[in-house]
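Quick notes on the structure that follows.
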Amino acid sequence: MVTKQGGQTITQEMTYIKLDSLNCNKPSQIKTTYSYGGNSEVRTRNLTYDSNGNLTTDSENGITKSFSNYDVFGNCQSIGYASGVNYPTARRR
């Protein structure tokens, strides 16, 4: 996908995986290139999933977030960072 706005061009390429018949077309990598005035920057995100199709890690430019403790509805209950800091997500009532 290519987006152009105000002299900037953003190009995004996505790679998908199929986990099983219920969890198909999950993105495994998202590569975004920002170009402006002859300069460009590339950012790559790598995503992994558990056997239920829940996101387990999201890594971008050396920073990894982990997602865990999914409830029966598939809502993530905890987000953690490689630094060891964990944040509980808001509980639904």
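Just so we're clear, the structure is a prediction, and the values are computed from it rather than from any experiment.
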Hey, are the side chains of D58 and R45 touching, using non-hydrogen atoms and a 4.5 Å cut-off? yes
Check whether any side-chain heavy atom of N39 sits under 4.5 Å from a side-chain heavy atom of Y34, and report yes or no. no
Hey, are T11 and T33 close enough side-chain-wise for a donor-acceptor pair under 3.5 Å? no
Atom OG of S40 and atom CD1 of I10: how far apart are they, to the nearest 0.5 Å? 12.5 Å
Hey, are the side chains of S78 and Y70 touching, using non-hydrogen atoms and a 4.5 Å cut-off? no
Spacing of OH belonging to Y16 relative to CD1 belonging to I30, to within rounding of 0.5 Å: 7.5 Å
Is there a side-chain contact between K65 and T57 (heavy atoms, below 4.5 Å)? no
Side chain to side chain, N61 and R43, heavy atoms closer than 4.5 Å: yes
When you measure from the side chain of D71 to the backbone N and O of F73, does any donor-acceptor pair fall under 3.5 Å? yes
Do T48 and T56 meet the criterion of a side-chain donor-acceptor pair at a distance under 3.5 Å? yes
Evaluate the criterion side-chain contact (heavy atoms from CB on, under 4.5 Å) for residue pair K18 and N25; output intermediate values, then yes/no. CA-CA 5 Å; K18 181 177 180 179; N25 296 329; 5.8 Å; no
With rounding to the nearest 0.5 Å, note down the distance linking CE in M1 to CD in Q12. 4.5 Å
Non-hydrogen side-chain atoms of T9 and Y36 separated by less than 4.5 Å: no
Please say whether more than 12 non-hydrogen atoms of neighbouring residues, nucleotides or ligands are located less than 6.0 Å from CD in Q5. no
Do S28 and T15 make a side-chain contact, defined as non-hydrogen atoms from C-beta onward lying under 4.5 Å apart? yes
